Amino acid sequence: MNKDINTSEEQLNAFVDGELEAEERNGLFAEAEKSADLDQRICQHRKLKELIKHAYRDVPEPKRRLPGGRTRNSMLNLAIAASLALVLGLTAGMFLRGFLPSVSSPEELAGSGSQLAAAVTENYILHVASGQPEQMKLALQTANDLLSSADPDRPRRVEVVANEQGINLLRTDVTPYSEEISALAAKNVVFYACTKTIQRLEMRGIEVQLVPEAIPGYTALDRVVIRMKDGWQYIKI
Amino acid sequence: MAYKQLFGISQRRTFRRLLSNNRERLYRMAYAWTSDPHLADDLVQQTLLKALKNQKQLRDFSTAEGWLFRILSNCLTDYRRARREFLSGENIEIVDKTTPEHHLKHDQMIQKVRQAVQRLPLNHRQVVTLVDLEEFSYASVAQILDIPVGTVMSRLCRGRRALREQLLEMKPSENQRPVTSIKRIK
(Lines give C-alpha, C1' and ligand atoms only; values in the text may rest on other atoms or scores of the structure.)
Protein backbone atom coordinates (compact mmCIF):
# COMPACT_ATOMS: atom_id res chain seq x y z
CA MET A 1 0.00 0.00 0.00
CA ASN A 2 1.37 3.41 -0.96
CA LYS A 3 1.37 5.58 2.12
CA ASP A 4 -0.16 8.94 1.27
CA ILE A 5 1.68 11.76 2.96
CA ASN A 6 0.92 14.51 0.48
CA THR A 7 -2.76 15.11 0.99
CA SER A 8 -3.77 17.31 3.88
CA GLU A 9 -6.88 16.82 5.94
CA GLU A 10 -8.12 20.17 4.74
CA GLN A 11 -7.89 18.93 1.17
CA LEU A 12 -9.77 15.77 2.01
CA ASN A 13 -12.46 17.70 3.81
CA ALA A 14 -12.86 20.09 0.92
CA PHE A 15 -12.95 17.10 -1.45
CA VAL A 16 -15.77 15.30 0.35
CA ASP A 17 -17.64 18.58 0.90
CA GLY A 18 -17.53 19.45 -2.81
CA GLU A 19 -15.48 22.56 -2.16
CA LEU A 20 -12.55 21.82 -4.47
CA GLU A 21 -12.19 23.29 -7.90
CA ALA A 22 -12.51 20.76 -10.73
CA GLU A 23 -8.76 20.70 -11.41
CA GLU A 24 -7.83 19.86 -7.83
CA ARG A 25 -10.66 17.39 -7.62
CA ASN A 26 -9.42 15.57 -10.70
CA GLY A 27 -5.90 15.54 -9.28
CA LEU A 28 -7.11 13.95 -6.07
CA PHE A 29 -9.08 11.30 -7.96
CA ALA A 30 -5.94 10.45 -9.91
CA GLU A 31 -3.87 10.26 -6.71
CA ALA A 32 -6.45 8.00 -5.07
CA GLU A 33 -6.17 5.62 -8.03
CA LYS A 34 -2.50 5.20 -7.26
CA SER A 35 -2.63 5.20 -3.48
CA ALA A 36 -4.77 2.75 -1.56
CA ASP A 37 -3.95 4.70 1.59
CA LEU A 38 -5.40 7.91 0.17
CA ASP A 39 -8.37 5.98 -1.15
CA GLN A 40 -9.01 4.64 2.35
CA ARG A 41 -8.72 8.10 3.89
CA ILE A 42 -11.27 9.46 1.45
CA CYS A 43 -13.58 6.59 2.35
CA GLN A 44 -13.16 7.33 6.05
CA HIS A 45 -14.01 10.99 5.51
CA ARG A 46 -17.09 10.12 3.50
CA LYS A 47 -18.14 7.50 6.02
CA LEU A 48 -17.89 10.01 8.85
CA LYS A 49 -19.95 12.55 6.94
CA GLU A 50 -22.65 9.97 6.24
CA LEU A 51 -22.61 8.82 9.87
CA ILE A 52 -23.30 12.32 11.13
CA LYS A 53 -26.07 12.86 8.62
CA HIS A 54 -27.61 9.53 9.58
CA ALA A 55 -27.41 10.25 13.30
CA TYR A 56 -29.50 13.40 12.97
CA ARG A 57 -31.92 12.26 10.29
CA ASP A 58 -34.63 11.80 12.90
CA VAL A 59 -34.19 13.92 15.96
CA PRO A 60 -36.39 13.66 19.05
CA GLU A 61 -39.25 16.09 19.26
CA PRO A 62 -39.56 17.97 22.53
CA LYS A 63 -41.19 15.66 25.07
CA ARG A 64 -44.07 18.04 25.55
CA ARG A 65 -45.04 17.59 21.91
CA LEU A 66 -47.52 14.92 20.97
CA PRO A 67 -46.09 11.62 19.79
CA GLY A 68 -46.34 11.71 16.02
CA GLY A 69 -45.99 15.38 15.21
CA ARG A 70 -46.55 16.95 11.86
CA THR A 71 -43.14 16.20 10.50
CA ARG A 72 -43.14 12.63 9.33
CA ASN A 73 -46.49 11.13 9.98
CA SER A 74 -49.36 9.94 7.95
CA MET A 75 -52.74 11.58 7.97
CA LEU A 76 -53.96 8.76 10.21
CA ASN A 77 -51.32 9.48 12.83
CA LEU A 78 -52.13 13.14 12.57
CA ALA A 79 -55.81 12.44 13.18
CA ILE A 80 -54.99 10.24 16.18
CA ALA A 81 -52.66 12.89 17.57
CA ALA A 82 -55.30 15.58 17.12
CA SER A 83 -57.91 13.46 18.90
CA LEU A 84 -55.55 12.77 21.78
CA ALA A 85 -54.74 16.46 22.00
CA LEU A 86 -58.40 17.37 22.11
CA VAL A 87 -59.15 14.84 24.86
CA LEU A 88 -56.10 15.92 26.84
CA GLY A 89 -56.97 19.59 26.42
CA LEU A 90 -60.56 19.10 27.53
CA THR A 91 -59.58 16.92 30.49
CA ALA A 92 -56.91 19.30 31.64
CA GLY A 93 -59.27 22.25 31.14
CA MET A 94 -61.89 20.57 33.35
CA PHE A 95 -59.20 19.73 35.88
CA LEU A 96 -58.02 23.31 36.04
CA ARG A 97 -61.55 24.60 36.31
CA GLY A 98 -62.29 22.22 39.17
CA PHE A 99 -59.14 22.48 41.21
CA LEU A 100 -57.71 25.89 40.47
CA PRO A 101 -60.60 28.32 40.70
CA SER A 102 -58.23 31.25 40.98
CA VAL A 103 -56.98 30.70 37.43
CA SER A 104 -60.04 29.26 35.75
CA SER A 105 -61.74 32.48 34.76
CA PRO A 106 -60.11 35.40 32.98
CA GLU A 107 -62.58 37.81 34.57
CA GLU A 108 -61.36 36.71 37.96
CA LEU A 109 -57.78 36.87 36.83
CA ALA A 110 -57.95 40.49 35.74
CA GLY A 111 -56.96 42.51 38.73
CA SER A 112 -56.45 39.63 41.14
CA GLY A 113 -52.70 39.78 41.43
CA SER A 114 -52.37 38.34 44.91
CA GLN A 115 -54.25 35.20 43.94
CA LEU A 116 -52.07 34.75 40.92
CA ALA A 117 -48.89 35.06 42.90
CA ALA A 118 -50.05 32.08 44.92
CA ALA A 119 -50.91 29.95 41.90
CA VAL A 120 -49.23 26.60 41.53
CA THR A 121 -47.19 27.20 38.38
CA GLU A 122 -45.64 30.29 36.91
CA ASN A 123 -46.31 30.03 33.19
CA TYR A 124 -49.56 30.52 31.31
CA ILE A 125 -50.92 29.98 27.85
CA LEU A 126 -54.00 32.05 26.98
CA HIS A 127 -56.27 30.84 24.21
CA VAL A 128 -58.36 33.37 22.31
CA ALA A 129 -60.98 32.01 19.93
CA SER A 130 -63.42 34.90 20.04
CA GLY A 131 -63.40 37.86 17.69
CA GLN A 132 -65.29 40.10 20.13
CA PRO A 133 -63.16 43.19 20.87
CA GLU A 134 -63.95 42.97 24.59
CA GLN A 135 -62.74 39.35 24.67
CA MET A 136 -59.53 40.33 22.90
CA LYS A 137 -59.03 43.16 25.35
CA LEU A 138 -59.65 40.75 28.20
CA ALA A 139 -56.98 38.42 26.83
CA LEU A 140 -54.42 41.22 26.67
CA GLN A 141 -55.43 42.52 30.07
CA THR A 142 -55.10 39.03 31.54
CA ALA A 143 -51.63 38.61 30.01
CA ASN A 144 -50.61 41.94 31.46
CA ASP A 145 -52.02 41.08 34.91
CA LEU A 146 -50.28 37.74 34.90
CA LEU A 147 -46.97 39.43 34.23
CA SER A 148 -47.40 42.22 36.73
CA SER A 149 -48.49 39.85 39.49
CA ALA A 150 -45.51 37.54 39.09
CA ASP A 151 -43.00 37.13 41.84
CA PRO A 152 -39.92 39.15 40.69
CA ASP A 153 -37.68 36.26 41.72
CA ARG A 154 -39.64 33.77 39.64
CA PRO A 155 -40.07 35.19 36.13
CA ARG A 156 -43.32 34.18 34.54
CA ARG A 157 -43.77 33.32 30.88
CA VAL A 158 -47.00 34.02 29.07
CA GLU A 159 -48.07 33.01 25.59
CA VAL A 160 -51.24 33.99 23.73
CA VAL A 161 -52.50 31.69 21.03
CA ALA A 162 -55.27 32.87 18.71
CA ASN A 163 -57.46 30.82 16.40
CA GLU A 164 -60.89 30.88 14.77
CA GLN A 165 -62.37 34.37 15.15
CA GLY A 166 -59.71 35.15 17.72
CA ILE A 167 -57.14 35.33 14.93
CA ASN A 168 -58.47 38.85 14.34
CA LEU A 169 -56.54 39.88 17.41
CA LEU A 170 -53.32 39.32 15.46
CA ARG A 171 -54.41 40.62 12.03
CA THR A 172 -52.91 44.00 11.24
CA ASP A 173 -55.90 45.19 9.27
CA VAL A 174 -58.47 44.09 11.84
CA THR A 175 -57.03 44.27 15.33
CA PRO A 176 -57.77 47.37 17.38
CA TYR A 177 -54.96 46.43 19.76
CA SER A 178 -51.71 46.47 17.81
CA GLU A 179 -50.08 48.89 20.24
CA GLU A 180 -51.02 46.78 23.25
CA ILE A 181 -49.66 43.70 21.50
CA SER A 182 -46.35 45.46 20.85
CA ALA A 183 -46.16 46.55 24.46
CA LEU A 184 -46.80 43.03 25.71
CA ALA A 185 -44.33 41.53 23.23
CA ALA A 186 -41.74 43.91 24.63
CA LYS A 187 -42.41 42.25 27.99
CA ASN A 188 -41.73 38.84 26.38
CA VAL A 189 -45.32 37.77 25.87
CA VAL A 190 -45.28 35.54 22.79
CA PHE A 191 -48.20 35.55 20.34
CA TYR A 192 -49.04 32.59 18.13
CA ALA A 193 -51.39 32.67 15.16
CA CYS A 194 -52.98 29.32 14.36
CA THR A 195 -51.76 28.06 10.98
CA LYS A 196 -54.92 26.09 10.34
CA THR A 197 -57.07 29.18 10.81
CA ILE A 198 -54.79 31.16 8.49
CA GLN A 199 -55.00 28.43 5.86
CA ARG A 200 -58.77 28.31 6.19
CA LEU A 201 -59.06 32.06 5.68
CA GLU A 202 -56.67 32.02 2.74
CA MET A 203 -58.65 29.23 1.12
CA ARG A 204 -61.62 31.56 1.32
CA GLY A 205 -59.57 34.19 -0.48
CA ILE A 206 -58.93 36.31 2.60
CA GLU A 207 -55.39 37.65 2.82
CA VAL A 208 -54.15 37.33 6.39
CA GLN A 209 -51.66 39.99 7.38
CA LEU A 210 -50.30 39.33 10.84
CA VAL A 211 -48.87 41.89 13.22
CA PRO A 212 -45.08 41.60 13.34
CA GLU A 213 -45.18 40.07 16.82
CA ALA A 214 -47.31 37.08 15.76
CA ILE A 215 -45.62 33.77 15.03
CA PRO A 216 -47.19 31.32 12.60
CA GLY A 217 -46.07 27.69 12.39
CA TYR A 218 -48.28 25.94 14.94
CA THR A 219 -51.91 25.08 15.13
CA ALA A 220 -53.57 26.46 18.25
CA LEU A 221 -54.26 22.96 19.48
CA ASP A 222 -50.63 21.90 19.08
CA ARG A 223 -49.33 24.91 20.92
CA VAL A 224 -51.76 24.55 23.81
CA VAL A 225 -50.98 20.87 24.23
CA ILE A 226 -47.23 21.46 24.01
CA ARG A 227 -47.37 23.99 26.80
CA MET A 228 -49.79 22.01 28.96
CA LYS A 229 -47.56 18.97 28.74
CA ASP A 230 -44.79 21.27 29.86
CA GLY A 231 -46.76 22.10 32.99
CA TRP A 232 -48.15 25.47 31.93
CA GLN A 233 -51.57 26.68 33.01
CA TYR A 234 -54.20 26.95 30.28
CA ILE A 235 -56.71 29.78 30.26
CA LYS A 236 -59.47 29.92 27.70
CA ILE A 237 -60.66 33.46 27.15
CA MET B 1 -50.08 51.69 -5.14
CA ALA B 2 -52.07 48.54 -5.87
CA TYR B 3 -48.97 46.91 -7.27
CA LYS B 4 -47.01 47.86 -4.17
CA GLN B 5 -49.70 46.39 -1.95
CA LEU B 6 -49.85 43.21 -3.96
CA PHE B 7 -46.06 42.96 -3.89
CA GLY B 8 -46.10 43.45 -0.13
CA ILE B 9 -48.75 40.78 0.38
CA SER B 10 -46.86 38.36 -1.80
CA GLN B 11 -43.64 39.04 0.09
CA ARG B 12 -45.28 38.52 3.47
CA ARG B 13 -46.79 35.27 2.29
CA THR B 14 -43.43 34.11 0.94
CA PHE B 15 -41.78 35.07 4.21
CA ARG B 16 -44.31 33.14 6.28
CA ARG B 17 -43.80 30.13 4.05
CA LEU B 18 -40.06 30.49 4.45
CA LEU B 19 -40.39 30.32 8.24
CA SER B 20 -42.75 27.36 8.16
CA ASN B 21 -40.59 25.46 5.70
CA ASN B 22 -37.42 25.96 7.70
CA ARG B 23 -38.73 25.27 11.18
CA GLU B 24 -37.83 21.58 11.13
CA ARG B 25 -34.36 22.22 9.74
CA LEU B 26 -33.69 24.86 12.37
CA TYR B 27 -34.93 22.53 15.06
CA ARG B 28 -32.69 19.70 13.88
CA MET B 29 -29.68 22.03 13.92
CA ALA B 30 -30.59 23.44 17.33
CA TYR B 31 -30.92 19.91 18.64
CA ALA B 32 -27.55 18.93 17.16
CA TRP B 33 -25.99 21.93 18.92
CA THR B 34 -27.67 21.46 22.30
CA SER B 35 -28.89 17.83 22.59
CA ASP B 36 -31.84 19.23 24.49
CA PRO B 37 -35.22 19.01 22.73
CA HIS B 38 -36.83 21.67 24.93
CA LEU B 39 -34.01 24.12 24.59
CA ALA B 40 -33.85 23.45 20.84
CA ASP B 41 -37.57 24.17 20.54
CA ASP B 42 -37.24 27.40 22.51
CA LEU B 43 -34.28 28.51 20.42
CA VAL B 44 -36.23 27.91 17.24
CA GLN B 45 -39.17 29.92 18.57
CA GLN B 46 -36.85 32.79 19.44
CA THR B 47 -35.31 32.52 15.99
CA LEU B 48 -38.69 32.72 14.27
CA LEU B 49 -39.73 35.63 16.45
CA LYS B 50 -36.55 37.55 15.70
CA ALA B 51 -36.86 36.74 12.01
CA LEU B 52 -40.38 38.14 11.97
CA LYS B 53 -39.35 41.26 13.81
CA ASN B 54 -36.40 41.86 11.51
CA GLN B 55 -37.82 40.62 8.24
CA LYS B 56 -37.15 43.95 6.58
CA GLN B 57 -33.43 43.31 7.01
CA LEU B 58 -33.69 40.43 4.57
CA ARG B 59 -33.23 42.03 1.17
CA ASP B 60 -32.43 38.94 -0.85
CA PHE B 61 -34.56 35.83 -0.35
CA SER B 62 -31.83 33.65 -1.85
CA THR B 63 -29.79 34.25 1.31
CA ALA B 64 -32.73 33.62 3.64
CA GLU B 65 -31.67 30.19 4.85
CA GLY B 66 -28.23 31.36 5.90
CA TRP B 67 -29.84 34.39 7.53
CA LEU B 68 -32.15 32.18 9.61
CA PHE B 69 -29.33 29.92 10.73
CA ARG B 70 -27.31 32.96 11.67
CA ILE B 71 -30.16 34.17 13.89
CA LEU B 72 -30.32 30.70 15.44
CA SER B 73 -26.60 30.79 16.17
CA ASN B 74 -26.99 34.24 17.76
CA CYS B 75 -29.89 33.00 19.88
CA LEU B 76 -27.72 30.17 21.20
CA THR B 77 -24.88 32.59 21.92
CA ASP B 78 -27.29 34.88 23.81
CA TYR B 79 -28.66 31.94 25.74
CA ARG B 80 -25.21 30.73 26.79
CA ARG B 81 -24.16 34.26 27.70
CA ALA B 82 -27.26 34.78 29.85
CA ARG B 83 -26.77 31.42 31.57
CA ARG B 84 -23.13 32.22 32.24
CA GLU B 85 -24.02 35.57 33.76
CA PHE B 86 -26.74 33.98 35.83
CA LEU B 87 -24.33 31.41 37.23
CA SER B 88 -21.55 33.88 38.04
CA GLY B 89 -19.22 33.11 35.20
CA GLU B 90 -19.42 29.35 35.45
CA ASN B 91 -18.65 27.73 32.15
CA ILE B 92 -21.79 25.98 31.05
CA GLU B 93 -21.50 22.80 29.06
CA ILE B 94 -24.74 21.69 27.53
CA VAL B 95 -25.04 17.97 28.07
CA ASP B 96 -27.18 15.19 26.74
CA LYS B 97 -30.12 15.05 29.12
CA THR B 98 -31.68 11.87 27.82
CA THR B 99 -31.82 8.99 30.24
CA PRO B 100 -29.98 5.64 29.98
CA GLU B 101 -33.35 3.94 29.42
CA HIS B 102 -33.94 6.26 26.52
CA HIS B 103 -30.55 5.38 25.11
CA LEU B 104 -31.31 1.67 25.29
CA LYS B 105 -34.30 2.15 23.07
CA HIS B 106 -32.31 3.87 20.38
CA ASP B 107 -29.85 2.64 17.92
CA GLN B 108 -26.50 2.44 19.65
CA MET B 109 -24.56 3.79 16.73
CA ILE B 110 -26.76 6.87 16.47
CA GLN B 111 -26.32 7.55 20.16
CA LYS B 112 -22.58 7.04 19.89
CA VAL B 113 -22.35 9.54 17.04
CA ARG B 114 -24.53 12.11 18.82
CA GLN B 115 -22.50 11.79 22.00
CA ALA B 116 -19.29 12.20 20.05
CA VAL B 117 -20.66 15.32 18.37
CA GLN B 118 -21.80 16.60 21.76
CA ARG B 119 -18.31 16.20 23.18
CA LEU B 120 -16.90 18.58 20.58
CA PRO B 121 -16.41 22.19 21.62
CA LEU B 122 -19.46 24.18 20.52
CA ASN B 123 -17.59 26.13 17.85
CA HIS B 124 -16.35 22.90 16.23
CA ARG B 125 -19.77 21.28 16.63
CA GLN B 126 -21.48 24.16 14.87
CA VAL B 127 -19.17 24.05 11.87
CA VAL B 128 -19.34 20.27 11.49
CA THR B 129 -23.13 20.15 11.70
CA LEU B 130 -23.72 23.11 9.41
CA VAL B 131 -21.52 21.49 6.76
CA ASP B 132 -22.65 17.89 7.22
CA LEU B 133 -26.33 18.21 8.08
CA GLU B 134 -27.30 21.24 6.01
CA GLU B 135 -24.50 21.00 3.44
CA PHE B 136 -23.78 24.69 3.64
CA SER B 137 -20.69 25.79 1.71
CA TYR B 138 -17.69 26.92 3.71
CA ALA B 139 -18.40 30.49 2.63
CA SER B 140 -21.98 30.27 3.90
CA VAL B 141 -20.87 28.80 7.24
CA ALA B 142 -18.38 31.64 7.56
CA GLN B 143 -21.24 34.11 7.09
CA ILE B 144 -23.60 32.33 9.46
CA LEU B 145 -21.06 32.16 12.27
CA ASP B 146 -19.37 35.44 11.38
CA ILE B 147 -15.89 33.92 11.16
CA PRO B 148 -13.29 33.74 8.36
CA VAL B 149 -13.41 30.85 5.88
CA GLY B 150 -9.98 29.73 7.08
CA THR B 151 -11.36 29.36 10.60
CA VAL B 152 -14.25 27.31 9.23
CA MET B 153 -11.77 24.96 7.58
CA SER B 154 -9.54 24.61 10.62
CA ARG B 155 -12.48 24.02 12.98
CA LEU B 156 -13.89 21.47 10.56
CA CYS B 157 -10.52 19.70 10.48
CA ARG B 158 -10.21 19.55 14.25
CA GLY B 159 -13.83 18.60 14.76
CA ARG B 160 -13.76 15.80 12.24
CA ARG B 161 -10.40 14.54 13.47
CA ALA B 162 -11.84 14.22 16.98
CA LEU B 163 -14.92 12.46 15.62
CA ARG B 164 -12.84 10.05 13.55
CA GLU B 165 -10.77 9.17 16.57
CA GLN B 166 -13.87 8.43 18.59
CA LEU B 167 -16.03 6.82 15.96
CA LEU B 168 -13.82 5.23 13.36
CA GLU B 169 -10.88 4.38 15.62
CA MET B 170 -8.49 5.78 13.10
CA LYS B 171 -5.98 8.00 14.77
CA PRO B 172 -3.84 9.94 12.33
CA SER B 173 -0.23 8.91 12.74
CA GLU B 174 2.45 11.41 13.61
CA ASN B 175 4.47 10.78 10.46
CA GLN B 176 1.44 11.42 8.30
CA ARG B 177 2.12 15.09 8.00
CA PRO B 178 0.66 16.73 4.93
CA VAL B 179 3.05 18.60 2.73
CA THR B 180 0.53 20.26 0.43
CA SER B 181 -2.38 22.51 1.06
CA ILE B 182 -5.42 23.59 -0.86
CA LYS B 183 -4.72 26.10 -3.57
CA ARG B 184 -8.24 27.37 -3.91
CA ILE B 185 -11.76 26.48 -2.87
CA LYS B 186 -14.93 27.34 -4.72
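First the proteins, then the strands, lettered A, B, ... as listed; each starts at 1. Quantities reported herein were computed from a predicted structural model and do not represent experimental measurements.
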Kindly say whether A/His45 contributes a backbone atom to a donor-acceptor pair with the side chain of B/Arg164 at under 3.5 angstrom?
no
Of all heavy-atom pairs between B/Leu133 and A/Lys53, which one has the smallest distance, and what is that distance?
CD2-CA, 3.8 Å
Any non-hydrogen side-chain atom of B/Ile110 less than 4.5 Å from a side-chain atom of A/Arg57?
no
Could you tell me which portion of A/Arg25 (side chain, backbone, both or neither) has an atom closer than 4.5 angstrom to a non-hydrogen atom of chain B?
neither
Strictly distance-based, threshold 3.5 Å: is any side-chain N or O of A/Glu19 a donor or acceptor partner for the main-chain N or O of B/Tyr138?
yes
In terms of heavy-atom pairs under 4.5 Å, which option from B/Ser20, B/Ala32, B/Ser154 contacts chain A the most?
B/Ala32
Shortest non-hydrogen separation from B/Cys157 to A/Glu10 and the atoms involved:
SG-CG, 3.4 Å
Compare every heavy atom of B/Arg160 with every heavy atom of A/Leu48, then report the nearest pair and how far apart it is.
CD2-O, 3.6 Å
Hey, which of A/Val16, A/Leu51, A/Asp17 has the most heavy atom pairs under 4.5 Å with chain B?
A/Asp17
With a 4.5 angstrom heavy-atom cut-off, could you sort out which part of A/Glu50 is near chain B: side chain, backbone, both or neither?
neither
Can you list the steps and then say if A/Arg157 with B/Asp42 is a side-chain contact (heavy atoms from CB on, under 4.5 Å)?
CA-CA 12 Å; A/Arg157 294 171 68 186; B/Asp42 281 348; 3.8 Å; yes
Most heavy-atom pairs under 4.5 Å with chain A, out of B/Leu49, B/Leu156, B/Asp132, belong to B/Asp132
Looking at every non-hydrogen atom in both residues, tell me the closest pair between B/Leu52 and A/Pro216 and how far apart they are.
CD1-CD, 3.8 Å
Please flag which part of A/Phe191 lies under 4.5 Å from any non-hydrogen atom of chain B: side chain, backbone, both or neither.
neither
Interatomic distance, CZ@B/Arg16 vs CD1@A/Ile215, rounded to 0.5 Å, equals 13.5 Å
Can you tell me how far OH of A/Tyr56 sits from CD of B/Glu134, rounded to the nearest 0.5 angstrom?
13.0 Å
Residue B/Gln55 versus chain A: region with a heavy atom under 4.5 Å:
neither
Please report the interatomic distance CD1(A/Ile52) to CZ(B/Arg125), rounded to the nearest 0.5 Å.
12.5 Å
I want to check something: taking the side chain as every heavy atom from C-beta on, are B/Val113 and A/His54 in contact at a cut-off of under 4.5 Å?
no
B/Met153 side, atom CE; A/Ser8 side, atom OG - distance, nearest 0.5 Å:
7.5 Å
Rounded distance [0.5 Å steps], NE2 in B/His38 versus CD1 in A/Ile226
9.5 Å
Before you tell me yes or no, could you show the steps for A/Lys47 and B/Leu168 under side-chain contact (heavy atoms from CB on, under 4.5 Å), namely the whole-Å CA-CA distance, both residues' side-chain angles and the distance that decides it to 0.1 Å?
CA-CA 9 Å; A/Lys47 186 179 173 186; B/Leu168 306 181; 3.9 Å; yes
